[in-house]
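These notes concern the structure reproduced below.
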Amino acid sequence: MPKSLFFSFLLPLLYICSPSAFAQEKTPSFALITQEVKEAKILMKAGSFEKSLVQSRLALRHAIAIKDDNLIASSYHTIAANFDELSEYEKAFYYYNKGLIYANKTNNDVLKNWIYNNLGNIYCFDKKQYEKGIFYYKKSLAYSKKINDPSQVVFTKLNIAWAYFDIGQFGKGYPYLKHINLHHKKYGDSSTIVALNMLNGMYYSYKNDTKKAHSFFQNAIKLGNEGTEKSDLSYSHQEYSKFLLKNGDYKKAYENLDIYNALTSALNDEEKLKKVNVAGINLEIDEYKREIEKIESEYKSKQRILLREQALNKRIVIVVISLFIVSIILFYFLFQNTNLKQKNRLNSIKSKIQQNVINASITGQEMERKKIATFLHDNISALLSSAGLHLNVFATNTKNGCQEISKTIALLEEAHDKVRDLSHELLPVLLARFGLLYALQDLCEKNSNSNILFEYESDIAITKRYSEEFEMKIYFITTELLNNIIKHSEATLAKVIIKEQNSLLHIQVYDNGNGFDTNLNHIEGFGITQIRARVDTMKGLFFINSKVGTGTTITIDVPIFES
């Protein structure tokens with residue numbers, strides 16, 4: 001820490017803690033304190049967060065001295081806003097609430113509007129407590145209407161619509177979006193136009209109006225690239241990626257997801273740089289709250305402190321210096337811990353991205369299998385049948401039978417059988433018509449032979465049906481597990497056990513084969529990675545219990561999705 005910065009923080013502390021300071025300091029006037037608050041806000045808007053925090057703390061001390069609730073609330077709000085800009089959301093949350101206590105004692109509805117709005121932001125975007133966030137947004141909206149500020153009404157309704165859309169409650173969010181669409185041109189500004197287009201894209205995606213959704217998302221991205229608000233641009237790419245994935249355009253979905261990840265990474269880097277540029281502030285963050293509470297207490301007991309003897313000053317200075325040195329040591333360990341958490345967080349994000357890519361790939365494969373199977377069965381197979389029928393009629397009506405026609409009919413029948421078999425491999429008829437349990441029972445019977453017996457066991461009614469997507473996922477997971485047994489285990493007996501337990505489908509696949517060491521990486525070559533990914537997509541649990549020479553038991557528990 002630079003010496004100049006050390007003493008810039010140390011001297012105010014020594015001054016505050018000195019008993020004689022209260023006798024020597026002359027309390028500034030209301031006008032001067034108001035100017036201090038304004039200067040703190042100007043410094044914050046200019047990005048000088050260190051200076052703004054020092055100035056706002058000075059203004060707070062003076063405001064407490066004259067007991068002006070409005071100035072106290074404004075000072076707390078500025079302190080909170082600085083921490084908000086520095087992404088120190090817990091500290092910002094603390095000081096916003098402190099400011100709200102004093103603001104509610106005043107008639108400053110403008111300040112109340114901003115504090116409620118900022119608290120709503122923290123609840124929604126940082127704490128992910130959307131119900132509380134929407135409650136605070138609506139309180140902010142009430143004050144926006146009370147002060148008759150149409151621009152602020154548009155801004156607050158945009159936040160409410162965004163919060164509702166973020167949790168999938170489009171019906172509740174749409175009235176707010178409708179108001180913004182009507183009035184944004186007159187009362188909105190360039191800082192919200194990207195978010196507005198993104199919200200419209202999300203709404204029309206929800207309504208399955210792909211044309212309008214495409215248009216709004218692309219407009220949001222275009223405007224975002226022309227402006228400076230990277231966070232709204234990154235959210236636009238993220239929501240557009242979800243929309244494209246939903247509509248089967250996986251390539252563009254991945255491209256937009258990559259752009260979102262790059263923008264998010266850049267924003268995180270900017271936040272880190274911002275924190276580095278104000279490293280001196282963080283040295284006092286732990287002491288900051290205690291110092292402000294100490295100021296309030298000291299001013300309440302001002303008369304008593306004035307009676308203390310000057311001889312105590314030296315001891316107090318020593319204590320303050322000791323505390324400050326301890327705070328520096330504590331900060332060093334806190335800083336190291338924060339760095340470690342950031343690294344872990346980045347690793348977690350990378351892992352989630354990889355998981356999302358695998359999940360999207362698996363979902364795409366299953367959808368393509370279904371499309372291809374349907375196309376083969378409903379189109380190619382039907383065409384081959386029709387062609388064979390026409391040739392049969394022609395051959396019947398022709399007196400002298402033609403050998404080439406007979407061969408053609410035979411070839412068409414063979415092609416029809418092969419297309420049908422391929423269609424059934426991609427999407428078994430039993431699965432589509434009779435459900436998962438019929439299909440699994442049939443799968444065990446078909447795979448059984450003189451070398452290995454597959455037993456099927458279930459206490460669920462075989463006519464029980466689940467959602468089509470759920471049945472497809474479970475069927476293909478089980479198929480992959482049985483294929484692994486056939487290819488790798490050298491088992492003579494295998495069992496598939498299906499049960500329902502506490503709203504979960506319990507699947508257990510056992511074989512008496514060679515088994516393997518679960519600590520070795522080669523098991524991922526058995527398709528385990530994709531099976532894990534499929535189970536994770538379904539929010540289920542996947543367990544392997546195996547040892548060399550003792551067989552293998554694989555257990556899967558997934559939440560049930562009924563039709």
Side-chain angles (χ1 to χ4, degrees), residues 44 49 73-105 108-147 149 151-177 179-180 191-192 194-196 198-199 202-203 229-232 234-236 238-239 242 264 267-268 271 274-275 285 288-289 338 341-342 345 348-349 352:
M44 180 187 69
F49 305 114
S74 297
S75 299
Y76 274 127
H77 180 255
T78 306
I79 293 169
N82 273 287
F83 282 120
D84 212 346
E85 288 291 333
L86 293 168
S87 302
E88 297 284 352
Y89 301 115
E90 286 300 322
K91 295 175 179 62
F93 179 75
Y94 173 82
Y95 288 107
Y96 280 137
N97 278 300
K98 291 280 284 187
L100 186 59
I101 293 170
Y102 287 93
N104 284 331
K105 298 177 183 179
N108 190 343
D109 294 331
V110 174
L111 181 59
K112 294 175 190 176
N113 168 56
W114 276 109
I115 293 176
Y116 276 115
N117 182 77
N118 292 335
L119 283 168
N121 287 339
I122 291 177
Y123 272 118
C124 285
F125 296 106
D126 301 301
K127 292 180 175 290
K128 301 299 181 184
Q129 297 177 19
Y130 285 94
E131 289 185 1
K132 288 186 178 179
I134 292 169
F135 169 80
Y136 278 92
Y137 280 147
K138 288 182 177 179
K139 294 282 284 186
S140 174
L141 180 61
Y143 282 110
S144 299
K145 293 177 179 178
K146 187 176 180 180
I147 62 179
D149 187 343
S151 298
Q152 194 61 31
V153 169
V154 167
F155 177 79
T156 308
K157 285 195 173 185
L158 186 141
N159 282 338
I160 296 173
W162 194 335
Y164 274 126
F165 283 13
D166 229 18
I167 56 177
Q169 296 184 11
F170 292 92
K172 291 183 178 180
Y174 180 68
Y176 299 95
L177 179 62
H179 176 92
I180 304 163
S191 67
T192 56
V194 176
L196 175 58
M198 181 192 70
L199 292 177
M202 292 171 69
Y203 178 74
E229 186 56 49
K230 289 184 180 178
S231 60
D232 286 350
S234 71
Y235 285 127
S236 297
Q238 183 187 36
E239 294 301 332
K242 293 178 183 177
T264 301
L267 287 168
N268 288 338
E271 285 186 4
K274 191 185 292 181
K275 290 181 180 181
I285 286 175
Y288 202 83
K289 188 189 299 184
T338 302
K341 287 182 178 179
Q342 286 286 357
R345 185 182 176 189
S348 176
I349 290 172
K352 286 180 181 178

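Residues take their numbers from the sequence shown, with the count starting at 1.
Taking the six-membered ring for Trp and thresholds of 30 and 60 degrees, Tyr164 and Tyr176 have nearly parallel ring planes, at less than 30 degrees apart. In this structure, Phe170 and Phe165 have tilted ring planes: the angle between them lies in the 30° to 60° band.
In this structure, Lys139 is not positioned above the aromatic face of Tyr136 in the sense of NZ or CZ being under 6.0 Å from the six-membered ring centre and within 45° of the axis. In this structure, Lys127 fails the cation-pi test against Tyr89, since its NZ or CZ atom is not both closer than 6.0 Å to the six-membered ring centre and inside 45 degrees of the ring normal.
Ring centers of Trp114 and Tyr143: at least 6.0 Å apart, outside the cut-off. Within the 6.0 Å centre-distance limit, the rings of Trp162 and Phe125 are counted as a close aromatic pair.
Between the side chain of Ser140 and the backbone N or O of Asn113 there is at least one donor-acceptor pair closer than 3.5 Å. Listed for the Asp149 side chain is no donor-acceptor partner under 3.5 Å among the backbone atoms of Lys145.
Contact detail for Leu196 and Leu158: the closest heavy-atom pair is N-CD1, 4.1 Å. Closest heavy-atom contact between Ser144 and Gln152: OG-CG, 3.2 Å. Pairing each heavy atom of Cys124 with each of Gly133, the nearest pair is SG-CA, 3.6 Å. Between Met44 and Phe49, the shortest heavy-atom distance links the atoms O-CE2, 3.6 Å. Residues Ala103 and Leu111 share a closest heavy-atom pair of CB-CD2, 4.3 Å.
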List the steps, then state whether side chain to side chain donor-acceptor pair (under 3.5 Å) holds for Asp84 with Tyr96. CA-CA 10 Å; Asp84 212 346; Tyr96 280 137; 3.0 Å; yes
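The distance from atom NZ of Lys157 to atom CG of Leu177, rounded to the nearest 0.5 Å, is 11.0 Å. For the atom pair CD (Glu239) and OG (Ser234), the distance works out to 10.0 Å, reported to the nearest 0.5 Å.
For the residue pair Tyr137 / Asn117, no side-chain donor-acceptor distance below 3.5 Å is found, with atom types taken as modelled.
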